[in-house]
Amino acid sequence: MSLALKPAVVVERSTPMTGAIELVVHHPPSAVAVNPGQFFQLAVAAPQTILRRPYSAAWTDPDSGRIGFIFNVVGAGSGWLAVRHEGHELDLLGPLGRGFDLDGTEPAIIVAGGLGVAVFPGVVRTLVGRGRQVTVLLGARTSAQLLPVDRFPGAEVRKATDDGSAGHRGSVVDLFGSTRGGAVEVFACGPTPMLQALIETARRLDVPLESIQVSLETPMGCGVGTCLGCAVPRPGAGYLLTCLDGPCVHADRIEWNRMTDAFHG
Ligand SMILES: Cc1cc2nc3c(=O)[nH]c(=O)nc-3n(C[C@H](O)[C@H](O)[C@H](O)COP(=O)(O)OP(=O)(O)OC[C@H]3O[C@@H](n4cnc5c(N)ncnc54)[C@H](O)[C@@H]3O)c2cc1C
Ligand code: FES
């Protein structure tokens, strides 16, 4: 982890898809240190927000010292971030946690539900750069909420939308069920119920859970292993800490039946 002594500076703000903001910040020491899948704790200065907010690095460019963050507005912290503009400073803590293990050789399938896609541009770029065959399955409520295909050069992209406005009508997990064949490695991020449905489908199709890695978005306090606020149940007994053991973990390390959807009850 590099503690950012000098703040990052916002160099670009855009709307990559409906309901999402992309902030690009300049901070060379952090940009060179990120493994795809790691996250930062971003300090926010909205009223009554004491804790930093965790965000995955969507991508990094070590040469230009830039890092991209893609997010939606759900509350005070993200609302404050959403109105940052070029020239504003951001206090980053990170990179934190464990990124994805990208050292395999099998074809890779990315399963991204909603804003879960935010972690994947840099992951896909790395996998494609290593000569891996990559299929990206993107799911959203409607086509305008899908990250554009050109954010995944070198990968095959397939879409699923709840309203059928692009690609398969239905869930991105259905698409996964109809896509795979042979040995693959799966990388997934999205709401907890989507991940649970993915695990159920994988079990039904005899896809070993060890071949699936998920990026967890468990609510966090400190982000560095001291508050125990990000515990996730392990099979048998005990807990993982998302901030230290994750956020990217192999799916067989989680007791999926005891995972709660912290945000939707
Ligand atoms: C490791 C990690 C990486 C993350 N990366 C991203 C990312 O790249 N892009 C992104 O958009 N978000 C990401 N998140 C989620 C993001 O941290 C939260 O959305 C953010 O902290 C909300 O802060 P807030 O102050 O705006 O909302 P709060 O005031 O904290 O919460 C407002 C409402 O949103 C709900 N909420 C809070 N967090 C989430 C969540 N994760 N999912 C669903 N509902 C939530 C709360 O329950 C509450 O109802 C990540 C989370 C983790 C743990
Ligand atoms: S967020 Fe505090 S221990 Fe993980």
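Just so you know, ligand 1 is whichever comes first in the structure, and atom 1 is the first atom listed for that ligand. If you're wondering where the values come from, they're calculated on a predicted model, not measured in any experiment.
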Mind checking whether Leu244 contacts ligand 2 via backbone (N, CA, C, O), side chain (CB onward), both or neither, at a 4.0 Å heavy-atom cut-off?
neither
Ser64 backbone acceptor or donor facing His26 side chain under 3.5 Å
yes
Quick one: does Ser56 get an N or O within less than 3.5 Å of an N or O on ligand 1?
yes
Within 2.8 Å of atom 2 (Fe) of ligand 2, is there any N, O or S atom belonging to Cys227?
yes
May I ask you to identify, for Leu216, whether its side chain, its backbone, both or neither come under 4.0 Å of ligand 1 on a heavy-atom basis?
backbone
Nearest heavy atom to atom 23 (O) of ligand 1, choosing from Arg53, Arg52, Gln38, belongs to Arg53
Would you check if there is a donor-acceptor pair between the side chains of Ser143 and Thr161 at a distance under 3.5 Å?
no
Is it true that some N/O/S atom of Cys230, main chain or side chain, lies under 2.8 Å from atom 2 (Fe) of ligand 2?
no
Non-hydrogen atom of Thr226 closer than 4.0 Å to ligand 2:
yes
Looking only at distance, does Gly77 have an N or O less than 3.5 Å from an N or O of ligand 1?
yes
Would you say Phe39 has any N or O atom under 3.5 Å from an N or O of ligand 1, going by distance alone?
no
Can a side-chain donor-acceptor contact be found between Gln133 and Glu156 if the only test is distance below 3.5 angstrom?
no
If we number the atoms of ligand 1 from 1 as shown, the ones under 4.0 Å from a heavy atom of Phe71 are 9 (N), 10 (C), 11 (O)
Which bit of Ala118 is near ligand 1, meaning a heavy atom under 4.0 Å away: side chain, backbone, both or neither?
side chain
Hphob cluster co-occupancy, Leu138 + Val124, side-chain heavy atoms under 4.5 angstrom:
yes
Given Trp80, Phe120, Tyr55, identify the one with the heavy atom nearest to atom 13 (C) of ligand 1.
Tyr55
Leu96, Val74, Ile70: member with heavy atom nearest to atom 9 (N) of ligand 1:
Ile70
Compute the shortest N/O to N/O distance between Asn72 and ligand 1 and return yes if it is under 3.5 Å, no if not.
yes
